[in-house]
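Let me begin by presenting the structure, written as structure tokens, before commenting on it.
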Amino acid sequence: MGGWMVMDRREAHALQTSSAAIRAGISDWGTQPTDRSVGKPSVERAIGDLDLGQVAESLSKLQKTGGLSEMEELMRFEQRLSRMSRSELLAALDALAGLNLSPEARLELEKMILAQLVSLDPAAALRRYAGKIQGAPSEIGLQLADAMRDWAKSDLAGATAWLDQQLASGNLESKSLDGRSEIRTQFEAALVEVLVGSDSVAAGRRLESLPEDQRREILQQIPFADLSSEEQKAYAELVRKWVPAAEQPGSFADMGGKMVEGNAFPQVAEFLDSVQATPTERYAAAKQGAESQMDALSRAGTVTKESVDSLRDWVAQQAPGQADLITGKSLAEASQNGGKLSADDAANLVIQYQQRSGNDDLLVAFIQGYAARSNLQAVQALVLKIKDPQVRATYTR
């Protein structure tokens with residue numbers, strides 16, 4: 001049940017979908033409909049016989065033992081939440097604040113109630129937390145960023161005006177020394193994500209108003225693989241126009257990696273062609289795309305000579321002359337990322353390529369990639385196989 005899981009941005013989206021599926025699939029456990037009469041209910045009237053303390057206790061037990069009765073209690077709570085109105089959910093949040101619960105239990109219940117409120121009325125969720133957003137736990141901040149995205153999709157002007165008001169009031173100011181506000185980054189990214197598909201010029205204005213050193217980070221919060229092809233092209237143009245030139249290759253690397261993670265590896269080349277990517281942009285996207293694809297192959301246990309050859313052919317088309325460098329680095333990363341490709345198996349592949357090509361490029365790239373994350377001594381046997389004595393000497397000193 002997604003309501004009490006720690007979430008990243010994508011998991012925050014999944015939370016609402018998962019909760020809806022649970023509610024649709026469970027049977028009626030006998031709960032009574034809540035009062036939905038007109039007018040603002042009191043906390044007591046709004047939550048009725050809803051015992052948040054008991055739900056918190058069941059949640060704690062479920063996390064420890066996974067008991068059936070606790071699971072049923074939480075299912076009833078999910079069903080009850082699905083029946084509650086906006087006013088009732090807001091009252092439940094108010095009631096939660098007054099209960100003597102552990103911080104962990106309070107946060108889990110708050111996330112569950114807030115998820116339903118965001119689904120029902122994202123604007124109400126944001127207004128409820130106005131003035132308290134900066135100090136909210138990170139998980140709550142992620143849900144509120146989703147609320148900003150959902151609100152902007154249905155009422156762009158209203159969501160934009162609310163965010164600008166919060167900024168003007170200082171509610172999103174950071175107290176960190178570097179001046180960065182994580183929650184503002186998430187909110188701006190949510191708004192720009194909507195603007196990319198509806199008004200890329202306005203998205204550019206939004207980025208222009210931000211410090212240059214924060215623009216790339218905001219754009220990279222956006223799930224690039226989920227954008228349409230037209231939105232992806234608009235995104236690439238935003239990068240070229242508003243992200244500092246020195247950081248643009250990193251942005252293209254992020255695009256390539258996210259497309260692979262989104263199971264769109266075959267479309268990376270098509271995207272690069274559609275935006276007439278420069279050699280530098282192609283190299284960055286191909287390098288990260290290849291590393292992400294190699295990692296996926298490793299986790300699936302399908303790193304074979306044939307699959308690596310296929311990947312190398314793709315890299316050669318996107319970044320001519322760089323296949324050895326990118327392949328070696330990708331194999332080094334994949335052998336250390338917890339997948340099914342062992343360092344020994346990766347080393348055997350590397351040696352095969354060296355023997356076939358007669359040069360050290362792929363081998364050296366693998367050693368460099370491995371040494372960057374692990375002790376160089378672990379691959380000393382490979383160092384001795386470097387044919388060029390001068391290059392070999394740099395790793396044996």
Side-chain angles (χ1 to χ4, degrees), residues 1-7 11-63 66-99 101-129 132 136-137 139-151 154:
M1 296 177 64
W4 50 86
M5 302 291 287
V6 174
M7 303 171 294
E11 289 170 329
H13 279 300
L15 171 68
Q16 296 175 21
T17 303
S18 175
S19 296
I22 291 172
R23 291 193 295 270
I26 61 177
S27 60
D28 189 340
W29 293 93
T31 55
Q32 296 299 315
T34 55
D35 184 356
R36 291 179 177 270
S37 57
V38 177
K40 182 177 179 181
S42 67
V43 170
E44 292 79 8
R45 175 184 160 203
I47 64 175
D49 61 351
L50 181 61
D51 189 340
L52 293 174
Q54 177 60 45
V55 175
E57 183 178 345
S58 295
L59 175 63
S60 178
K61 289 180 179 178
L62 178 64
Q63 291 174 328
L68 179 60
S69 61
E70 287 76 26
M71 177 65 79
E72 292 176 350
E73 174 70 26
L74 290 169
M75 284 182 172
R76 286 193 291 269
F77 182 53
E78 284 274 348
Q79 187 182 49
R80 179 66 177 274
L81 288 178
S82 73
R83 293 177 170 180
M84 292 173 73
S85 68
R86 174 185 59 191
S87 296
E88 292 165 341
L89 291 165
L90 289 169
L93 287 171
D94 291 339
L96 184 64
L99 295 178
L101 301 175
S102 69
E104 296 79 12
R106 186 186 310 281
L107 177 59
E108 296 305 323
L109 289 182
E110 184 177 4
K111 283 160 40 180
M112 295 173 75
I113 298 169
L114 179 57
Q116 180 60 27
L117 180 59
V118 169
S119 177
L120 185 65
D121 190 337
L126 287 167
R127 291 177 179 130
R128 165 67 169 71
Y129 283 84
K132 300 178 288 186
E139 296 99 318
I140 298 299
L142 290 168
Q143 289 179 284
L144 294 175
D146 275 346
M148 168 57 62
R149 184 181 303 101
D150 292 345
W151 187 9
S154 62

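Keep in mind that the numbers below use all heavy atoms, side chains included, and drop hydrogens, waters and symmetry copies. Keep in mind the model is a prediction, meaning the values are calculated, not measured.
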Can you name the closest pair of heavy atoms from [X] and [Y] and give their distance?
X	Y	value
P122	A147	CB-O, 3.4 Å
L144	A125	CD2-O, 4.0 Å
M84	A92	CE-CB, 4.0 Å
A124	L117	CB-CD1, 4.4 Å

*In terms of side-chain geometry, is the basic nitrogen of D94 or R128 positioned less than 4.0 Å from the acidic oxygen of its partner?*
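Counted as a salt bridge, because a side-chain N and a carboxylate O are separated by less than 4.0 Å.
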Minimum side-chain heavy-atom gap [X]-[Y] below 4.5 Å:
X	Y	answer
L89	D121	no
Q143	K111	yes
W151	D146	no
E108	E104	no
E78	M112	yes

Nearest-0.5 Å distance that lies between atom [atom1] in [X] and atom [atom2] in [Y]:
X	Y	atom1	atom2	result
D150	L120	CG	CG	11.5 Å
L81	Q116	CG	CD	6.0 Å
L101	L96	CG	CG	6.0 Å
E139	L107	CD	CG	5.0 Å

_Please evaluate residues L126 and V118 with respect to the criterion side-chain contact (heavy atoms from CB on, under 4.5 Å), reporting the C-alpha separation (whole Å), side-chain torsions for both, the decisive distance (0.1 Å), and the verdict._
CA-CA 8 Å; L126 287 167; V118 169; over 6 Å; no
